[in-house]
Amino acid sequence: MIKRTIATIIRDACEGCKKDGIIPVNVEINPIIEIPKEEGHGDYSTNIAFLLAPVLKKSPQETAGILVRRMDFNAVCDKIDVAGKGFINFYVKDAIWQKLLQDVYAEGVDALFPETGQGKKVLIEFVSANPTGPLHIGHGRGAAVGDVLANILSKAGYNVTREYYINDAGRQIKTLGRSTFLRWQELKGMQVSYEQDLYQGEYIKDLAREIVEKNIDIPSGEEDAIAFMARFSGEVIMDGIVKDLEDFGVYFDNYYKESALYERGVIDDTLSLLKDKGYAYEKDGAFWFKTSAFEKDEDRVLIKSDGEKTYFTSDIAYHLDKFRRAYGTLVDIWGSDHHGYIPRLKAAIQALGKDKEDLKVILIQFVSLLKDGKPVGMSTRAGAFTTLREVLDEVGRDAARFFFLMRKSDAHLEFDLDLAKKTSNENPVYYVQYAYARIMSIFRNAGDEGIDADQLKNADLRLLAQEDEINLIKGIIHFHDVIEGCARSFEPHRITFYLLDLVGNFHSYYNKTRVLGDDRELTLARLLLLYMLREVIRSGLNVLGVSAPEKM
RNA sequence: GCGCCCAUAGCUCAACUGGAUAGAGUGUUGGACUACGAAUCCAAAGGUUGCAGGUUCGAAUCCUGCUGGGCGCGCCA
């Protein structure tokens, strides 16, 4: 918002220098404009002088001085400083902030969302857990990150689709069928040896029991029976997954089945396309993709010597299909243990004639659970993992989602169940929600005093002159930059940090300043400030998929 | 053996992608409710950013080499 105005001031000054021959015309001007972390360094600062100093063969300070003298800033800034070794600091007028607040109030909080997307189509594929068992907590983190990222991009003007890829054609599904089949035989009183590499969880026994209890007909031959069990188990488990996700507040636009790639002939298209372009070849009775043509990685098998296609083949086909559906940017969210897979898929994307930057892979690091201060083990193999369902039941949706988004996604997350469950000040979720409830409470009181929201539009914002009031306004306006940053960097966790910071300032303000007072004009101005604060908090929580309770 | 990620206050983590004196929360200590919700606030204390070099006006951030941890390296998915 205001950042753009600052950028214009800088650019105009540079253009002026070019015109006067101080800066060569062909020099690219690409300054960074940032919000200084140090208070006293103004509202914005730029490093432009450091960039131009070598060109002018002068010191950064001198360069900054030359530029500042040419800056036409009176409309928005009280002053511009050259500070430190050559930073240029901009001090925006209070009146500008007050005006921005007024504008945002008039247009509504949605005016703060950037329009970086311009309607471009983005496909976010996430969770995509195989339907061979319930979702565990790691899937939950991926679900939260994917869902919130989708919200952010969508709010930032992208046309977003959420997709879940169901891996229903691979060997794991066969293993699932065999697992259920053997458990079923056990129930029938047969002596079976249940192998180590089958699914160990109790839920397999539940599936077998369901088949028996519902008296479901099973095909007679073993092979047919296993195939039936595979389909049955997969569907039941998938239903459970969808239910878990819904309770977590995550909804998908599409569920895309791997088997559909075969049915629609996308697999064959992919193979012939790669072959025609010369990126695939035969060797040792198998059919290979030339990964090495694009990335520092070894060539990979597409069709095994036994004629079976590999998972990689499906995946290339799937991504080809995504591009065919006109998505310009593909976001894949994977567990970080799949990071070694990135080069080959990027290579495949390039073989399909796309830019490798068209595919963004976001890795989700593992979650370790903490209970009673001790780590909770979670091994999928042993069947003793903690499911998303268990976490949801224990701490609730709001805390679960918020906690999953309190860390950068590619960093380990330590999830403290006891903390997430606490309804006290230590719990960051409540810290944010409490601010919202507090503001709502003030508005209820204001209503009792005969002030309704309608009167806010007459508020005189020049009365918001306290330093912390101006700071709160800045915080509100910065919501725009935060969302923009999230959308650019694909980092949803920035919103949680922003909200915690924003409401921290509010709580502090609240303890110092009385909002409802005898001075009606001042009261109205402060109420408008709180109104917008409330809107931003609500909007931010909404993007996170966390509720904003009016009372708690 | 090769490759990727991580290492920041006692603990859990930030730092707007190379910016100024590295910040929060928690924990510890001491304070604030007979006016809008104390699920809150204020203050003190806490650091050689794992180690050693390098790049430059400037490094937690980039490069090289170590130390310690996680994960990959299949005609598995």
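In the text below, chain A, chain B and the rest are named by the order of the sequence lines, each starting its count at 1.
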Checklist entry - Rounding to the closest angstrom, what is the interatomic distance between B:rA45 and B:rU29 at atom C1'? => result 8 Å

Checklist entry - Strictly by modelled atom types, are A:Y91 and A:D81 linked by a side-chain donor-acceptor pair under 3.5 Å? => result yes

Checklist entry - If the C1' atom of B:rU21 is compared with that of B:rU49, how far apart are they to the nearest Å? => result 15 Å

Checklist entry - When we call it a touch if two heavy atoms are under 4.0 Å apart, what does A:F497 touch: a base, just sugar-phosphate, or nothing? => result sugar-phosphate

Item to check | Aromatic contact, A:Y318 with A:Y165 (centres under 6.0 Å) | outcome: yes

Next on the checklist: For Watson-Crick and G-U wobble pairs within 3.5 Å on both distances, what is RNA chain B written in dot-bracket notation, | included for inter-strand pairing?
Outcome noted: (((((.(..((((.....[...)))).(((((.......))))).....(((((..]....)))))).)))))....

Checklist entry - With a 3.5 Å cut-off and no angle check, do the side chains of A:D398 and A:Q433 form a donor-acceptor pair? => result yes

Next on the checklist: Can you identify which nucleotide, out of B:rA14, B:rG37, B:rC41, has its nearest atom closest to the A:R407 side chain?
Outcome noted: B:rA14

Next on the checklist: Once you apply a heavy-atom cut-off of 4.0 Å, does A:F312 come out as touching a base, just sugar-phosphate, or nothing?
Outcome noted: nothing

Checklist entry - If we take the P atom in both B:rC62 and B:rC33, what is their distance in whole Å? => result 49 Å

Next on the checklist: Under 3.5 Å, is there any donor-acceptor pair linking the side chain of A:H339 to the base of B:rC5?
Outcome noted: no

Next on the checklist: Side-chain N or O of A:R444 versus OP1/OP2 of B:rG37: is the shortest distance under 4.0 Å?
Outcome noted: no

Checklist entry - Under 4.0 angstrom, heavy atoms only, what part of the nucleic acid is A:E491 near: base, sugar-phosphate, or nothing? => result base

Checklist entry - Going by the angle between their ring planes, with limits at 30° and 60°, are A:Y431 and A:H507 parallel, tilted or perpendicular? => result tilted

Next on the checklist: Is the ring pair A:Y510/A:F506 parallel, tilted or perpendicular, if the boundaries are 30 and 60 degrees?
Outcome noted: tilted

Item to check | Distance between P atoms of B:rG53 and B:rU61 (Å, rounded) | outcome: 14 Å

Item to check | Flag, side chain of A:D299 to backbone of A:T291, donor-acceptor distance under 3.5 Å | outcome: yes

Next on the checklist: In whole Å, I'd like the distance from the CG atom of A:D416 to the C1' atom of B:rC13.
Outcome noted: 13 Å

Item to check | B:rA14 phosphate, OP1 or OP2, under 4.0 Å from A:K408 side-chain N/O | outcome: no

Item to check | Stacked pair A:F87-B:rA20, distance under 5.5 Å, angle under 30° | outcome: yes

Item to check | Euclidean distance for C1', B:rC63 against B:rC42 (whole angstrom) | outcome: 45 Å

Checklist entry - A:S508 near the nucleic acid: base, sugar-phosphate alone, or nothing, with a heavy-atom cut-off under 4.0 Å? => result sugar-phosphate

Checklist entry - Which part of the nucleic acid, if any, lies within reach of A:Y341 when heavy atoms closer than 4.0 Å are counted: base, sugar-phosphate only, or nothing? => result base

Checklist entry - Among the nucleotides B:rA77, B:rA20, B:rA38, which one has an atom lying closest to any side-chain atom of A:Y510? => result B:rA38

Checklist entry - Looking at A:F113, does the NZ or CZ of A:K155 lie under 6.0 angstrom from its six-membered ring centre and within 45 degrees of the ring axis? => result yes

Checklist entry - When all nucleic acid strands are considered with a 4.0 Å heavy-atom cut-off, which category describes A:S305: base, sugar-phosphate, or nothing? => result base

Item to check | Cation-aromatic face contact A:K290/A:F294, 6.0 Å, 45 degrees | outcome: no

Next on the checklist: Between B:rA20 and A:S45, counting only base atoms on the nucleotide and side-chain atoms on the residue, is there a donor-acceptor pair under 3.5 Å?
Outcome noted: yes

Item to check | Residues from residues 47-65 of chain A lying under 4.0 Å of RNA chain B - heavy atoms | outcome: A:N47, A:F50

Checklist entry - Looking across every strand, which nucleic acid part, if any, lies under 4.0 Å from A:S128 by heavy atom: base, sugar-phosphate, or nothing? => result nothing

Checklist entry - Looking across every strand, which nucleic acid part, if any, lies under 4.0 Å from A:A83 by heavy atom: base, sugar-phosphate, or nothing? => result base

Next on the checklist: Using a 4.0 Å heavy-atom cut-off, does A:D284 contact any base of the nucleic acid, only the sugar-phosphate backbone, or nothing at all?
Outcome noted: base

Item to check | Per A:V515 side chain, nearest of listed nucleotides B:rC36, B:rC16, B:rA77 | outcome: B:rC36

Checklist entry - Is B:rC33 in the syn or the anti form, by the rule that syn lies within 90° of 0? => result syn

Item to check | Euclidean distance, atom CG of residue A:L499 to atom C1' of B:rA24 [Å, nearest integer] | outcome: 15 Å

Checklist entry - A:H338 near the nucleic acid: base, sugar-phosphate alone, or nothing, with a heavy-atom cut-off under 4.0 Å? => result base

Next on the checklist: Can you see whether A:F289 has A:R344 sitting over its ring - NZ or CZ less than 6.0 Å from the centre and within 45° of the normal?
Outcome noted: no

Item to check | A:R538 NZ/CZ over A:Y436 ring centroid, <6.0 Å and within 45° of normal | outcome: no

Checklist entry - Are a donor atom and an acceptor atom from the side chains of A:E163 and A:Y255 found within less than 3.5 Å of each other? => result no

Checklist entry - Within the structure shown, what part of the strands sits under 4.0 Å from A:E258 by heavy-atom distance: base, sugar-phosphate, or nothing? => result nothing

Next on the checklist: If you assign each of A:G340 and A:G517 to its closest nucleotide in RNA chain B, which residue comes earlier from the 5' end?
Outcome noted: A:G517

Next on the checklist: Please give the distance between the P atoms of B:rG65 and B:rC5 as a whole number of Å.
Outcome noted: 14 Å

Next on the checklist: I need the residues from residues 170-177 of chain A with at least one non-hydrogen atom less than 4.0 Å from RNA chain B; give them sorted by number, or say none.
Outcome noted: A:G170, A:R171, A:Q172

Checklist outcome for this item: Of B:rG74, B:rA39, B:rA20, the nucleotide closest to the side chain of A:P36 is B:rA20

Checklist entry - Between B:rC16, B:rU12, B:rC75, which nucleotide gets closest to the side-chain atoms of A:E414? => result B:rU12

Item to check | Touch class at under 4.0 angstrom, heavy-atom based, for A:K551 against every strand present | outcome: base

Checklist entry - Any side-chain N or O of A:K304 under 4.0 Å from OP1/OP2 of B:rC76? => result yes

Checklist entry - Side-chain N or O of A:Y431 less than 4.0 angstrom from OP1 or OP2 on B:rC41? => result yes

Next on the checklist: Given the structure, check if the side chain of A:N89 and the base of B:rA20 hold any donor-acceptor pair shorter than 3.5 Å.
Outcome noted: yes

Checklist entry - B:rC11 and B:rA77: how far apart are their P atoms, nearest whole angstrom? => result 43 Å

